Amino acid sequence: MSVTIRTRKFTTNRLLNRKQMILDVMHPGKAPVSKADLTTALASRFNINDEKTIFVFGFKTAMGGQKSTGFALIYDTAEDALSTEPKYRLIRKGIGSKATGSRKQRRELKNRVLKVRGIAKRKIGAK
C-alpha cells in the first residue's frame, strides 16, 4: 500500500489523558484510506495494543484527491475515552450503545415519567 501518513501539531494532553494530532494522509492515485486502516497504522506506529482507544475523524479530501487531512485522538485507557468522547463517536467505534425505540416513544415515556413523583417513576419504564 503506497500510502504515507504524516502527523502534525502533535500534542500530549495530560488533562484528558490523550495524545492528539492532525493526520495528513497522502494517497496518490487511490481512493481515500479507510478509518480502520488508519487506526491500525497508528496503533503500530505508537505501540498501542487496544485499538478502541484510537479515534480518527473529520477527514476532508483535498481538491483533486491524493491528500486527506483529519484528526486523531489516542487515549491512554478505554475508561478515559469513555469519560471524554461524545456518545456518537463511541457508538461509531462500537463501544457505546444507541438508544432503542423511536424518537416518539422516547418522548412519550419522558413525558409520562414527568407526570408522576417518587418511586412511581421506576414503574412506568419497566413493563
Side-chain angles (χ1 to χ4, degrees):
M1 185 162 88
S2 62
V3 174
T4 308
I5 300 173
R6 235 184 246 139
T7 60
R8 286 189 292 132
K9 296 190 177 180
F10 183 88
T11 314
T12 303
N13 191 333
R14 283 291 112 211
L15 290 174
L16 297 176
N17 295 321
R18 72 183 183 195
K19 299 175 194 81
Q20 51 197 45
M21 65 204 82
I22 295 176
L23 290 181
D24 289 329
V25 183
M26 312 294 185
H27 47 88
K30 295 189 187 312
V33 184
S34 71
K35 291 178 185 177
D37 292 343
L38 292 174
T39 302
T40 54
L42 284 174
S44 64
R45 181 185 280 186
F46 290 100
N47 299 323
I48 307 234
N49 298 328
D50 188 13
E51 288 189 7
K52 294 210 183 256
T53 60
I54 301 173
F55 293 84
V56 290
F57 59 94
F59 278 89
K60 304 281 183 204
T61 305
M63 176 68 182
Q66 299 189 19
K67 181 182 176 186
S68 299
T69 304
F71 299 99
L73 304 173
I74 303 173
Y75 286 90
D76 294 345
T77 62
E79 291 79 33
D80 295 330
L82 282 171
S83 66
T84 307
E85 280 296 299
K87 260 189 171 178
Y88 74 93
R89 272 195 226 140
L90 294 172
I91 292 168
R92 279 183 193 170
K93 199 74 172 169
I95 300 170
S97 60
K98 196 171 183 177
T100 57
S102 68
R103 180 172 168 80
K104 186 171 183 174
Q105 283 177 329
R106 292 195 309 261
R107 273 185 297 160
E108 286 174 354
L109 178 67
K110 175 196 65 109
N111 290 332
R112 273 185 286 160
V113 168
L114 287 174
K115 289 177 185 173
V116 296
R117 294 176 51 128
I119 60 171
K121 290 179 187 268
R122 280 187 269 165
K123 294 177 186 171
I124 290 176
K127 291 183 179 178

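Keep in mind it's a predicted model, so treat the numbers as computed, not measured. Every heavy atom of this structure was used, including side-chain atoms; hydrogens, water molecules and symmetry mates were not.
- The hydrophobic clustering, which links ILVMFWY residues whose side-chain heavy atoms are closer than 4.5 Å, places Met26 and Phe10 apart.
- Between the CD atom in Glu85 and the OG1 atom in Thr53 there is a gap of 10.5 Å [rounded to 0.5 Å].
- Counted within 6.0 Å of NZ on Lys121, heavy atoms from surrounding residues, nucleotides or ligands total more than 12; the atom is thus considered enclosed.
- Leu82 and Ile48 are members of different hydrophobic clusters when ILVMFWY side chains are connected at heavy-atom separations under 4.5 Å.
- The number of heavy atoms from other shown groups lying within 6.0 Å of CZ (Arg6) does not exceed 12.
- The structure places OG1 of Thr84 at 10.5 Å from CG of Leu15, a figure rounded to the nearest 0.5 Å.
- The CG atom of Leu73 sits 10.5 Å away from atom CG of Leu42, with the distance rounded to the nearest 0.5 Å.
- Atom-to-atom distance recorded for Ser68:OG and His27:NE2 is 3.0 Å, nearest 0.5 angstrom.
- For Arg8, the CZ atom is densely surrounded, since the number of other residues' heavy atoms within 6.0 Å is greater than 12.
- With rounding to the nearest 0.5 angstrom, the NZ atom of Lys19 is 7.5 Å from the CE atom of Met21.
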The test is side-chain contact (heavy atoms from CB on, under 4.5 Å); show your working for Lys98 and Ile91 and say whether it passes.
CA-CA 7 Å; Lys98 196 171 183 177; Ile91 292 168; 4.3 Å; yes
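- Side chain of Arg45 to backbone of Ile5: a donor-acceptor contact under 3.5 angstrom is found.
- Crowding of Leu114 atom CG: a count of heavy atoms from other residues, nucleotides or ligands under 6.0 Å exceeding 12.
- In this structure, the side chain of Asp37 does not engage the main chain of Val33 through any donor-acceptor pair within 3.5 Å.
- Grouping the Ile, Leu, Val, Met, Phe, Trp and Tyr side chains by contacts below 4.5 angstrom, directly or via other members, places Val113 apart from Ile119.
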Start with the C-alpha gap between Thr77 and Asn17, add the side-chain angles, then the distance that decides, and say whether side-chain contact (heavy atoms from CB on, under 4.5 Å) holds.
CA-CA 8 Å; Thr77 62; Asn17 295 321; over 6 Å; no
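- Remark: Phe57 pairs with Phe71 by the ring pair (Phe, Tyr, Trp, His ring centres under 6.0 Å) rule, at least two apart or across chains.
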Verdict with reasoning, Phe59 to Thr69, per side-chain contact (heavy atoms from CB on, under 4.5 Å):
CA-CA 5 Å; Phe59 278 89; Thr69 304; 5.8 Å; no
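- Taken from CZ in Arg18 to OG1 in Thr11, the straight-line distance is 9.5 Å, to the nearest 0.5 Å.
- Lys93 places a side-chain N or O within donor-acceptor distance of the main-chain N or O of Ile54, the cut-off being under 3.5 Å.
- Each salt bridge (charged side-chain N to carboxylate O under 4.0 Å, His left out) pair with one or both residues in residues 65-79, not counting sequence neighbours, appears once here: Arg14-Asp76.
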Between Thr7 and Ile22, is a side-chain contact (heavy atoms from CB on, under 4.5 Å) present by the stated rule, with each step listed?
CA-CA 6 Å; Thr7 60; Ile22 295 176; over 6 Å; no
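- A 4.5 Å side-chain heavy-atom check between Val116 and Ile124 finds at least one atom pair inside the cut-off.
- A donor-acceptor contact shorter than 3.5 Å is absent between the side chain of Glu108 and the backbone of Gln105.
- Ring geometry, Phe55 versus Tyr75: the interplanar angle exceeds 60°, so the pair is classed perpendicular (tilted spans 30 to 60°).
- Annotation for Gly94 and Lys52: closest pair O-NZ, 4.3 Å, computed over non-hydrogen atoms.
- For the residue pair Gln66 and Gly29, the shortest heavy atom distance occurs at CG-N, 4.2 Å.
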